[in-house]
Amino acid sequence: MGVAVRCHNLVKTYDGSVEAVRGLDLEILSGECFGLLGPNGAGKTTTIEILEGLLAQTSGEVEILGKTWNAHSRELREVLGISLQETRLSEKLTVRETLELFASFYRQPRSTDEVMEEMALTEKAASWVGKLSGGQRQRLAVAAALVANPKILFLDEPTTGLDPQSRRQLWDTIRGFQSRGGTILLTTHYMDEAERLCDRISIIDHGQAIASGTPAQLIEELGGHQMVEFDATPNDAGAKEVWRSLPGVDAVHEEAGCVILSVRETHETIPPLLAALHKRGARLLRLTTRQASLEDVFVHLTGRHLREE
């Protein structure tokens with residue numbers, strides 16, 4: 001597969017001193033769904049706006065399908081579909097009129113009827129945008145990106161505000177677009193969404209990529225495939241070193257009073273853990289085990305959850 005989107009040593013500085021993006025390197029392959037994840041303020045939106053041609057970088061290189069925004073802006077706008085984090089549409093236009101307006105911006109748009117059917121908006125074709133629910137508006141924003149008949153789709157938190165059924169429908173739309181050879185750059189605040197949809201992911205923090213790979217690779221790099229979570233009382237500060245020294249433990253962190261161990265094999269860790277609790281005179285309140293997830297990788301790397309402010 002060729003490279004659809006590439007940036008090298010990308011830098012964006014505001015007011016001459018605030019670096020929102022600091023030397024970022026990304027490569028998105030043609031036909032893949034690529035996830036860009038990071039805490040709020042990590043530089044995701046700035047990066048995407050530069051790639052979309054909405055914002056000029058301070059320095060660095062950006063190529064979309066081998067072209068640059070400086071030399072090929074018109075050609076690039078013909079092949080991109082963009083759904084922004086917040087899209088404001090005219091409230092006095094109907095759904096059909098909105099899509100026909102967006103379709104008129106492109107030389108070879110898709111059928112508005114086809115796109116409305118795909119986004120479950122056919123029954124709302126004659127409804128004013130101002131009368132739509134929040135979820136319906138969100139689906140219309142994605143439909144406005146799809147009607148361009150793009151080769152590359154930029155989706156910035158597209159499922160925010162959607163009910164579970166609409167969210168699943170959009171997942172099907174993303175998979176369908178990809179199956180037709182389309183390339184997707186996705187940001188999301190839902191880790192399960194990234195884990196299900198994305199072929200590869202880059203996690204960025206403070207304007208730099210801190211980890212990249214497939215979801216499975218990132219979980220593998222965390223060290224353990226299993227997570228052991230427990231509450232015990234008392235849980236003093238010195239106990240963390242005790243948990244870290246247990247057999248099979250690769251990482252330890254605490255969250256809302258709960259201790260979370262990343263382990264290679266639960267059967268190697270749980271008996272010594274119970275023995276250590278007994279020796280310390282601690283009372284076990286709760287213990288659960290589960291598979292490691294992308295959320296665990298994110299917390300391990302950034303120290304916070306994706307949805308935290």
Would M227 and S262 count as a side chain to side chain contact (heavy atoms under 4.5 Å, CB included) here? Give the steps.
CA-CA 5 Å; M227 309 300 289; S262 173; 4.0 Å; yes
Can you list every side chain to side chain donor-acceptor pair (under 3.5 Å) pair that touches residues 266-279, not counting sequence neighbours?
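For residues 266-279: none.
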Partners of F105 by ring pair (Phe, Tyr, Trp, His ring centres under 6.0 Å), sequence neighbours excluded?
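In terms of ring pair (Phe, Tyr, Trp, His ring centres under 6.0 Å), with neighbours along the sequence ignored, F105 is linked to F102.
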Ring pair (Phe, Tyr, Trp, His ring centres under 6.0 Å) against F230, all qualifying residues, sequence neighbours excluded
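Per chain and number, F230 pairs via ring pair (Phe, Tyr, Trp, His ring centres under 6.0 Å) with W243.
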Considering all heavy atoms, the nearest [X]-[Y] contact:
X: P150; Y: G81; answer: CB-N, 3.2 Å
X: C33; Y: L197; answer: CB-O, 3.4 Å
X: L132; Y: S127; answer: CD2-CB, 4.2 Å
X: R77; Y: Y106; answer: O-CE2, 3.2 Å
X: I204; Y: A209; answer: CG2-CA, 3.9 Å
X: V297; Y: L218; answer: CG2-O, 3.4 Å

Between R200 and E32, does any side-chain N to carboxylate O distance fall below 4.0 Å?
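Looking at R200 and E32, the cut-off is met.
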Under 4.5 Å between any side-chain heavy atoms of [X] and [Y], yes or no?
X: S293; Y: F298; answer: no
X: L153; Y: L185; answer: no
X: R180; Y: F177; answer: yes
X: I270; Y: T289; answer: yes
X: I203; Y: S212; answer: no
X: I260; Y: V252; answer: no

Residues that [X] engages under side chain to side chain donor-acceptor pair (under 3.5 Å), provided they are two or more places apart:
X: T87; value: none
X: Q291; value: Q226
X: W128; value: none
X: E229; value: R290

Between K67 and E75, does a salt bridge (Lys or Arg N to Asp or Glu O under 4.0 Å) hold up when you go through it step by step?
CA-CA 9 Å; K67 297 179 171 61; E75 296 97 309; over 6 Å; no
With side chain to side chain contact (heavy atoms under 4.5 Å, CB included) as the criterion, how do H189 and N40 come out once you've worked through the C-alpha distance, each side chain's angles and the decisive distance to 0.1 Å?
CA-CA 10 Å; H189 272 170; N40 289 331; 3.5 Å; yes
CA sep, side-chain torsions, deciding dist, call: L51, V62, side chain to side chain contact (heavy atoms under 4.5 Å, CB included):
CA-CA 7 Å; L51 298 178; V62 173; 3.8 Å; yes
Do the side chains of [X] and [Y] join up, straight or via other hydrophobic residues, at under 4.5 Å, putting them in one cluster?
X: F154; Y: L186; answer: no
X: I152; Y: I184; answer: no
X: I210; Y: I219; answer: yes
X: L65; Y: I48; answer: yes
X: L80; Y: V147; answer: no

Between the side chain of [X] and the main-chain N/O of [Y], is any donor-acceptor distance below 3.5 Å?
X: S166; Y: L162; value: no
X: Q138; Y: P158; value: yes
X: Q217; Y: T214; value: yes
X: T46; Y: G43; value: no

[X] [atom1] to [Y] [atom2] distance, which is reported to the nearest 0.5 Å:
X: Y14; Y: K12; atom1: OH; atom2: NZ; answer: 5.5 Å
X: D172; Y: R175; atom1: CG; atom2: CZ; answer: 6.0 Å
X: L37; Y: T188; atom1: CG; atom2: OG1; answer: 7.5 Å
X: F34; Y: I201; atom1: CZ; atom2: CD1; answer: 8.5 Å
X: L140; Y: S83; atom1: CG; atom2: OG; answer: 9.5 Å
X: L93; Y: L101; atom1: CG; atom2: CG; answer: 6.5 Å

Using a 6.0 Å cut-off, check whether atom [atom1] of [X] has over 12 heavy atoms from anything other than its own residue.
X: R283; atom1: CZ; value: no
X: K124; atom1: NZ; value: no
X: R286; atom1: CZ; value: yes

Pairs meeting criterion salt bridge (charged side-chain N to carboxylate O under 4.0 Å, His left out) with involvement of residues 133-152, two or more places apart
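Passing the test, one end in residues 133-152: E91-R137.
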Enumerate the residue pairs fulfilling salt bridge (charged side-chain N to carboxylate O under 4.0 Å, His left out) with a member in residues 153-168, sequence neighbours excluded, ordered by first and then second residue.
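For residues 153-168: R167-D192, R167-E193.
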With a 3.5 Å cut-off and sequence neighbours excluded, list the donor-acceptor pairs that the side chains of residues 17-27 form with protein atoms.
from, atom 1, to, atom 2, distance (Å)
R22, NE, H206, O, 2.8
R22, NH2, H206, O, 3.3
R22, NH2, Q208, OE1, 3.4
D25, OD1, H8, ND1, 3.1
D25, OD1, N9, N, 2.5

Pair up each side-chain donor or acceptor in residues 112-119 with any protein partner under 3.5 Å, not counting sequence neighbours, and list the distances.
from, atom 1, to, atom 2, distance (Å)
D113, OD1, R96, NH1, 2.7
D113, OD1, R96, NH2, 3.2
E114, OE2, R110, NE, 3.0
E114, OE2, R110, NH2, 2.7
E117, OE1, T122, OG1, 3.2
E118, OE1, R110, NH1, 3.2
E118, OE1, R110, NH2, 2.6

Would L170 and V142 count as a side chain to side chain contact (heavy atoms under 4.5 Å, CB included) here? Give the steps.
CA-CA 9 Å; L170 184 55; V142 175; 3.8 Å; yes
Show me the side-chain donor-acceptor pairs of residues 52-61 shorter than 3.5 Å, one per line, residues at least two apart or across chains.
from, atom 1, to, atom 2, distance (Å)
Q57, NE2, G60, O, 3.2
T58, OG1, T13, N, 2.8
E61, OE1, R6, NH2, 3.2

With no hydrogens and no angle check, just 3.5 Å: does a side-chain donor-acceptor pair link D199 and Q178?
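Distance-only check passes for D199 and Q178.
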